[in-house]
Amino acid sequence: MTVEDLDEEDAQLVRMVKTLRAQLHGQPIDPRIVAALDLFGSEDGSYEREGATYSVDNGGLDVSVSWGPDPDRADRILYLMGDTLLFVAKGDGEEVEERLSIHDAVANPFQLVELSESLNS
């Protein structure tokens with residue numbers, strides 16, 4: 001699928017994600033976030049990389065990354081769904097969520113540095 005195959009709203013979102021990805025060069029961003037941004041707008045499928053599972057659905061507009069100490073039951077999940085990055089961490093009976101819109105990340109890429117720190121804590 002190419003950007004030209006999408007409706008205007010989805011095509012604009014893919015372009016925005018690609019713009020954000022280009023702004024991150026040299027920034028200390030977690031590689032799982034970078035990979036999710038790279039996979040956004042790509043073909044549907046599932047991939048294994050460096051201990052994480054990457055899934056692309058909905059014509060490339062939904063990307064999820066899951067990982068954790070137990071490969072059969074991930075306790076960390078990063079979603080890139082439309083214009084939202086959502087990080088979910090589960091453990092000890094608790095669930096913590098952090099959200100970041102792509103619009104906000106484009107306006108202030110440092111927010112992705114902060115999200116990267118959360119992914120690694």
Taking only residues two or more places apart in sequence, or in another chain, which ones meet S101 in a side-chain hydrogen bond (donor to acceptor under 3.5 Å, both in side chains)?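 S101: side-chain hydrogen bond (donor to acceptor under 3.5 Å, both in side chains) contacts with D104.
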Worked verdict on I102 versus F40 for side-chain contact (heavy atoms from CB on, under 4.5 Å): CA-CA 12 Å; I102 296 300; F40 192 78; over 6 Å; no
Might you point out which heavy atoms bring [X] and [Y] nearest each other, and give the distance in Å?
| X | Y | result |
| --- | --- | --- |
| V65 | A52 | CG1-CB, 4.0 Å |
| W67 | G51 | CB-O, 3.7 Å |
| A36 | L78 | CB-CD2, 4.4 Å |
| T53 | S46 | CG2-OG, 3.9 Å |
| G68 | D75 | CA-OD1, 3.3 Å |
| L37 | K18 | O-NZ, 3.5 Å |

Any chance you could measure [X], atom [atom1], to [Y], atom [atom2], to the nearest 0.5 Å?
| X | Y | atom1 | atom2 | answer |
| --- | --- | --- | --- | --- |
| T84 | R99 | OG1 | CZ | 6.5 Å |
| E9 | L61 | CD | CG | 10.0 Å |
| S64 | R32 | OG | CZ | 13.5 Å |

Do [X] and [Y] touch side chain to side chain, with heavy atoms closer than 4.5 Å?
| X | Y | answer |
| --- | --- | --- |
| F87 | L119 | yes |
| L86 | L100 | no |
| D83 | H103 | yes |
| L39 | Y54 | yes |

Side-chain polar contacts of residues 106-116 - donor-acceptor pairs under 3.5 angstrom, sequence neighbours left out - could you list them?
residue	atom	partner	partner atom	Å
N108	OD1	F110	N	3.2
S116	OG	D30	N	2.7
S116	OG	L112	O	3.0

Among residues at least two apart in sequence or on other chains, which ones pass side chain to side chain contact (heavy atoms under 4.5 Å, CB included) with E95?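 For E95 the side chain to side chain contact (heavy atoms under 4.5 Å, CB included) partners, ignoring immediate neighbours, are V88, K90, E97.
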Residues in side chain to side chain contact (heavy atoms under 4.5 Å, CB included) contact with T19, at least two apart in sequence or another chain: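 In terms of side chain to side chain contact (heavy atoms under 4.5 Å, CB included), with neighbours along the sequence ignored, T19 is linked to Q23.
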Would you say V14 and Y79 are hydrophobically clustered, going by side-chain heavy atoms of ILVMFWY under 4.5 Å?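 No, because V14 and Y79 fall into different hydrophobic clusters, even though each may have its own neighbours under 4.5 Å.
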May I ask whether I33 and M16 are part of the same hydrophobic cluster, defined by side-chain heavy atoms of I, L, V, M, F, W, Y residues being less than 4.5 angstrom apart, directly or through others?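 Hydrophobic grouping puts I33 with M16.
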Pairwise salt bridge (Lys or Arg N to Asp or Glu O under 4.0 Å) hits with a residue in residues 48-57, at least two apart: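 Sorted result for residues 48-57: empty, none.
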Residues which pass salt bridge (Lys or Arg N to Asp or Glu O under 4.0 Å) with D62, listed by chain and number, not counting sequence neighbours: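 With neighbours one apart ignored, the set is empty.
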